[in-house]
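Accompanying notes for the structure given below.
We use all heavy atoms of the structure for the numbers below, so side chains are in, but hydrogens, waters and symmetry mates are not. Residue numbers run from 1 in the order of the sequence given. Just follow the structure's listing: the first ligand is 1, and inside any ligand the first atom is 1.
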Amino acid sequence: MNEIKTQAAPELRIPSDTLHAYVRAIWEHAGSTPREAELVADHLVMANLSGHDSHGVGMIPRYVASLADGELKLNAHAEIVRDAGAVLTIDGVKGFGQVVAYEAMEHGIERAKKLGVCAVGLRDAHHIGRIGHWAEQCAKAGLVSFHFVNVAGDPLVAPFGGTDRRFGTNPFCAAFPRAGKTPLVLDFATSGIAYGKTRVAYNKGVKVAPGYLIEHDGTPTVEPKVMHEEPFGSLLPFGLHKGFGLAAMCEILGGALSGGYTTRESTLQKTSAIINCMTSVILDPNAFDAPAAQAEAEAFVEWVKTSRVAPGVERIYAPGEPEDARREERVANGVPIDPTTWQQIRDAAKQSGMPEGEIEAFSKALA
Ligand SMILES: NC(=O)c1ccc[n+]([C@@H]2O[C@H](COP(=O)([O-])OP(=O)(O)OC[C@H]3O[C@@H](n4cnc5c(N)ncnc54)[C@H](O)[C@@H]3O)[C@@H](O)[C@H]2O)c1
């Protein structure tokens with residue numbers, strides 16, 4: 001648990017298909033094609049369904065602000081700028097990450113099926129959100145993948161041993177498809193908690209657990225406001241020097257190798273938008289002995305789960321299983337959204353050009 005509960009406001013529970021239609025409508029009013037609006041809605045609602053509210057529909061106000069600032073380009077597509085066979089360099093041209101990352105993965109999947117492996121460097125994409133979504137796209141095509149991502153905007157995380165912000169929350173993700181089951185998906189920010197989780201805690205009026213945040217002078221704190229009100233503090237990397245090392249490799253592989261940017265002063269993208277670069281390696285397990293690998297992976301997962309659970313722990317999860325459980329619960333009971341976030345989305349809908357009557361009609365349907 002990352003949050004310490006205080007007096008949080010009650011949450012709304014919104015059916016996922018209604019939420020999906022609302023998100024689609026917001027982006028169509030803003031000027032997206034129906035296909036773009038659909039890809040954005042698919043991605044954001046799936047993040048909420050998976051339990052990652054920090055990367056779900058709560059991002060809409062930030063995206064609408066990026067659009068107003070000219071930092072997000074609607075209806076842009078991934079452009080292959082260098083084709084070296086098993087290595088593709090793709091420019092995201094500041095298009096919707098939900099579109100350009102989808103297209104970059106489609107290119108990589110096609111190549112990996114042909115060659116056994118493909119490395120895709122995607123640079124300069126507007127926020128690509130929950131990275132597990134891209135690994136799941138590869139897994140749906142039967143492919144293994146791993147992804148190193150950097151955030152080429154405002155730094156938020158202090159290095160191990162440092163006291164001020166030098167890089168982003170740089171996620172790492174790896175996935176392995178399973179026959180007849182949802183894939184194993186490891187997907188996390190290399191900061192102790194994702195930045196969006198501090199936003200969710202701040203909006204809910206709750207504190208975060210100790211060990212994740214420092215104030216502007218390096219003093220440890222549990223107040224999420226240090227990430228949202230001046231004087232700004234920093235997030236800390238997870239796992240001391242190891243998390244810091246992984247975050248640094250996300251900068252090098254995701255930011256530098258893709259031909260994108262790292263967060264050092266002279267290449268840092270001074271923008272209100274979240275710009276991501278990602279290097280993905282996509283592998284066809286059939287280029288290995290796939291049936292043996294599949295059987296060994298299943299046997300390993302079963303073996304791990306026979307460990308005696310620690311006191312207070314209900315069960316052992318394989319990577320990706322907590323998200324699966326969340327999806328089942330939220331598809332049945334709706335997506336929880338706190339009232340502050342909900343009001344911010346309403347305001348963003350208005351800013352996107354959605355008429356008041358339509359906003360009201362959605363709100364009534366959701367009540
Ligand atoms: N695009 C960006 O710039 C950006 C930046 C940072 C984070 N993100 C995204 O934010 C999301 C949230 O990241 P996070 O760091 O808060 O994730 P997290 O701390 O919730 O960790 C999630 C990972 O840990 C696994 N997990 C969780 N609980 C488990 C348990 N009890 N047993 C076994 N495995 C367990 C999950 O299956 C998942 O793979 C991710 O989807 C990430 O891609 C995106």
Short list, please: which atoms of ligand 1 are under 4.0 Å from a heavy atom of [X]?
{"X": "L186", "value": "39 (O)"}
{"X": "A194", "value": "16 (O)"}
{"X": "E323", "value": "22 (C), 36 (C), 37 (O), 38 (C)"}
{"X": "P322", "value": "26 (N), 27 (C), 28 (N), 29 (C), 35 (C), 37 (O)"}
{"X": "P319", "value": "37 (O)"}
{"X": "G320", "value": "37 (O)"}

Practice task
Have a look at ligand 1 and work out which part of A189, if any, has a heavy atom under 4.0 Å from it: side chain, backbone, both or neither.
Solution key: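 The answer is both, backbone and side chain.
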Completion exercise
Quick look: H55 vs ligand 1, heavy-atom contacts under 4.0 Å, and the answer is side chain
Problem - Point-to-point distance, once rounded to the nearest 0.5 Å, from CG of L235 to CG of L156 - result: 6.0 Å
Exercise for the section: Give a yes or no on whether K305 atom NZ has more than 12 heavy-atom contacts from other residues, nucleotides or ligands under 6.0 Å away. Expected result: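 Atom NZ in K305 is packed in, count exceeds 12.
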Out of curiosity, is [X] lining ligand 1, as in a heavy atom under 4.0 Å away?
{"X": "V149", "value": "no"}
{"X": "N276", "value": "yes"}
{"X": "C173", "value": "no"}

Test item: side-chain donor near acceptor, [X] and [Y], under 3.5 Å:
{"X": "D347", "Y": "Q351", "value": "no"}
{"X": "H216", "Y": "E230", "value": "no"}
{"X": "D69", "Y": "S66", "value": "no"}
{"X": "N170", "Y": "E251", "value": "yes"}
{"X": "Q98", "Y": "H126", "value": "no"}

Looking only at non-hydrogen atoms, which of [options] approaches [atom] most closely?
{"atom": "atom 16 (O) of ligand 1", "options": "K197, E314, H127", "result": "K197"}
{"atom": "atom 5 (C) of ligand 1", "options": "L156, V185, T169", "result": "T169"}
{"atom": "atom 43 (O) of ligand 1", "options": "V151, I316, I128, D187", "result": "D187"}

Problem - Pair H127 + H55: ring centers closer than 6.0 Å - result: yes
Handout entry: Of E229, H228, K225, the residue whose pairing with Y202 passes side-chain hydrogen bond (donor to acceptor under 3.5 Å, both in side chains)
Key =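 So the option named by the test is E229.
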